[in-house]
There are 2 protein chains.
Amino acid sequence: MATKARRTERREEPLSRERIVEAAIGILDAVGEGGLTFRVLAERLATGPGAIYWHVSGKEELLGAATEVVVTGTVLGGAGGASPQEVIRDLALRLFDAIDAHPWIGGQLARSPGQSPTLQVFERLGRQVQALGVPRPARFTAASTLLSYILGVAGQNAANAHGQESEQDRTEFLDGVSAAWANLDPDAYPFTRDVAEQLREHDDRAEFLAGIDLVLAGIAASHAG
Amino acid sequence: MATKARRTERREEPLSRERIVEAAIGILDAVGEGGLTFRVLAERLATGPGAIYWHVSGKEELLGAATEVVVTGTVLGGAGGASPQEVIRDLALRLFDAIDAHPWIGGQLARSPGQSPTLQVFERLGRQVQALGVPRPARFTAASTLLSYILGVAGQNAANAHGQESEQDRTEFLDGVSAAWANLDPDAYPFTRDVAEQLREHDDRAEFLAGIDLVLAGIAASHAG
DNA sequence: CGACTCTCTGGAATGCCGTTCCAGAATCAG
DNA sequence: CTGATTCTGGAACGGCATTCCAGAGAGTCG
C-alpha cells in the first residue's frame, strides 16, 4: 500500500456487457443451459448479482446476446465463389457444427424467431435462394422452409445433448434408442421398427445434410415445372 | 343418500392422473406454459401440491403426459383412402392446427425427440413415405426431414404465440414485424427487406403447407432420378 | 483542494418455483 | 374391530431471477 496503492485501477478488469456475455457463454458451454444462473455468473465474475443487472436487463437478454455472438461468428465467413447450393450446404453445416459445439444455441434459436440471430440465417438463406433462380413470389417459402428445417434439427439436437460428451456416450445413446425402437409394438410402429437398425449406424451430420439436399431438390423441382 | 349416505364416495371426484393431466391442459391453454405451476394446479384441483406428486412424478412427466394426450388425439383419425401425399398434408395440417390451438405443445414437441408423441408422428410420416414408393434406405431421411420441418415450424409458432389471441393481435403482429424488416439496413439485409411486404399478407397455415409440399417435391424428385 | 454528482458495485432481501416431508384421514384386508 | 395400505394436503426446504439500496470510485466544478 505504497503511495495510493491502487495496483489495479478500479478492479483488475471492469465489468462490462461484453465480459458478462463472454462469461455466460463459458458457463453455458461447460454446464449447459440449466447451469447458467446469476449466482454462478456473479461468482465467476467475482461480483454480485446486482452488478450484472446494471449491464444486462435479465436472463432473456443475456441468452439472446450469447446466442447472437456465437451465431454471428458462425454465419459470417464462408464459401466464396461456389454454387448457391454449395453455399447453402456450407452455411447449414457450419450452423450444425456450431449447435453441436454449443447445444444451448439450438434451444435458443428455436425459441426466438424474428430475433437477430434467426434473421441473419434467414437473410443468408434467402440470398442464395434468390441466386438459385427461384422466382420472387416463391422465395419466401423456400427460405422459410430451409430455415424451419434447420431450426427443427437444431431443437432436437439441443434436446438430445443430455450427457453425451464423448463418442462412446453417443454410440451408447444411439444403440439404446435403436434397441427401444426395435422393441416397439409391431402393430403400432411397423415403420419405426423397420428403420431402427439404420439408426444405429447413422451419422447425424450426414443425415442433416441429406435433409437439406431434399429440400433443395424440392425447390429446384418446384420452379422447374 | 339411502342406506349409508355417502353422497360422494370420498371426494366429489377422487384425484387421478387423468384428472390432473386434464386440469394441466386447461391451465396451459388458458395461461401458457409459464403459467402452469403446481400451486395453481393444486388450487384448481382443490388440493395441495403433495397430493399431486403422489400421482405424477414431476413437472416434466406432467407436460409430457399433457402433450401426449393432445398429440395422440390429433394424430389418430384422418384421411381415409387418399394418396400418401394427401395423408401427409392432412396429418401435417392437423398438427399445425393443434399447435395453433395449444401453443405449448410446440415447445414441448421440439424439446422431446424420441418421446412417444414425436414417435407417433414419425411413424405416421414414415408409413406414408413408404407408401410413396421411396426406396428403403432413403425412407429414414425422408421421414426425418418431414418431422424436423414440422418440429421447426412448431417451435417457431410456439415462440410467436406471445399475446395474440385475436385475429387483430395477429394482424398487428405481422404488420409490426413487416415494418421492422422493411427498416433493416439495406446493405446487411437486402433479401429480408425485399420479402417484408409478403410477410404482411401471409398466411402461416398456407405457408406451412407450401413448405410440406416443397419437401414432398424433393422426396419425389430424389427417388425419381 | 473539498464538495457534489454520477456511474457502477455487490451483498442482502423478496417472492415464486419445483419438490419433499409428514401427520393423519379414508379405505381396505383379515 | 384392528392393523396395513392408499391417498391427502398443508407446511417446510432449497434454489432461482430479480430488486433494493447503501455506499465506493471517479470525474467536475467552484
Side-chain angles (χ1 to χ4, degrees), chain A residues 1-24 27-28 30-67 104 107-108 111-112 162, chain B residues 1 3-25 27-28 30-67 104 107-108 111-112 162:
Chain A
M1 56 168 71
T3 42
K4 284 290 181 54
R6 335 192 291 284
R7 72 179 55 191
T8 54
E9 288 87 281
R10 175 169 182 166
R11 265 169 136 265
E12 313 85 61
E13 217 177 339
L15 221 46
S16 71
R17 192 183 142 98
E18 204 174 66
R19 235 163 66 77
I20 291 170
V21 171
E22 192 184 331
I27 294 170
L28 286 165
V31 294
E33 187 159 358
L36 176 66
T37 72
F38 275 81
R39 279 178 236 277
V40 169
L41 189 55
E43 191 178 358
R44 174 146 174 169
L45 292 166
T47 182
I52 296 173
Y53 273 89
W54 198 90
H55 297 273
V56 152
S57 79
K59 194 169 188 179
E60 199 169 327
E61 184 193 322
L62 183 56
L63 279 167
T67 306
W104 49 275
Q108 199 54 31
R111 239 186 303 298
S112 65
H162 277 305
Chain B
M1 55 174 73
T3 44
K4 284 284 179 57
R6 336 192 289 283
R7 73 178 56 189
T8 55
E9 286 87 280
R10 175 172 182 162
R11 265 168 134 263
E12 313 87 61
E13 216 176 341
L15 220 44
S16 70
R17 193 184 142 97
E18 202 173 68
R19 236 165 65 79
I20 291 170
V21 171
E22 191 184 331
I25 292 175
I27 293 171
L28 285 165
V31 294
E33 186 159 359
L36 176 66
T37 72
F38 275 81
R39 279 174 234 278
V40 170
L41 188 55
E43 191 179 358
R44 174 147 173 167
L45 291 166
T47 180
I52 296 173
Y53 275 88
W54 199 90
H55 297 274
V56 151
S57 79
K59 194 169 189 179
E60 199 168 327
E61 182 191 324
L62 183 56
L63 279 168
T67 305
W104 49 276
Q108 199 54 30
R111 240 187 302 296
S112 65
H162 277 304

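Throughout, a chain's letter reflects where its sequence line sits, starting with A, and its residues are numbered from 1. Note that these values count all heavy atoms, side chains included, but never hydrogens, waters or copies made by symmetry. This structure is a prediction, so every number in the text was calculated from the model and none was measured.
- We find that CD of A:E18 is positioned 15 Å from P of C:dC8, with the value rounded to whole Å.
- The number of heavy atoms from other shown groups lying within 6.0 Å of CD (A:E61) is above 12.
- Per the geometry, CD1 belonging to B:I52 stands 14 Å off P belonging to C:dT20, to the nearest Å.
- The distance between atom CH2 of B:W54 and atom C1' of C:dA23, rounded to the nearest whole Å, is 17 Å.
- Atom CG of A:L41 and atom P of C:dG10 are 13 Å apart (whole Å).
- The phosphate of D:dT6 has neither OP1 nor OP2 within less than 4.0 Å of any side-chain N or O from B:H55.
- Annotation: side chain of A:L36 is in contact with side chain of A:L63 (closest heavy-atom distance under 4.5 Å).
- Nearest heavy atom pair, residue A:G35 against residue A:I27, reads O-CG2, 3.8 Å.
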- Which parts of nucleotides 10-17 of chain D does protein reach within less than 4.0 Å, heavy atoms only, written one letter per nucleotide 5' to 3' as B for base, S for sugar-phosphate only and - for none? B-----BB

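- Between the P atom of C:dC17 and the CD1 atom of B:I27 lies a distance of 11 Å, rounded to the nearest Å.
- Residue pairs that meet the ring pair (Phe, Tyr, Trp, His ring centres under 6.0 Å) test with at least one member in residues 36-63 of chain A, sequence neighbours left out, are A:F38-A:Y53.
- Rounded to whole Å, the distance from CD1 on A:I20 to P on C:dC8 is 11 Å.
- Residues A:V31 and A:W104 fail the side-chain proximity criterion, which asks for heavy atoms closer than 4.5 Å.
- In this structure, the side chains of A:I52 and A:L62 stay at 4.5 Å or more apart for every pair of heavy atoms.
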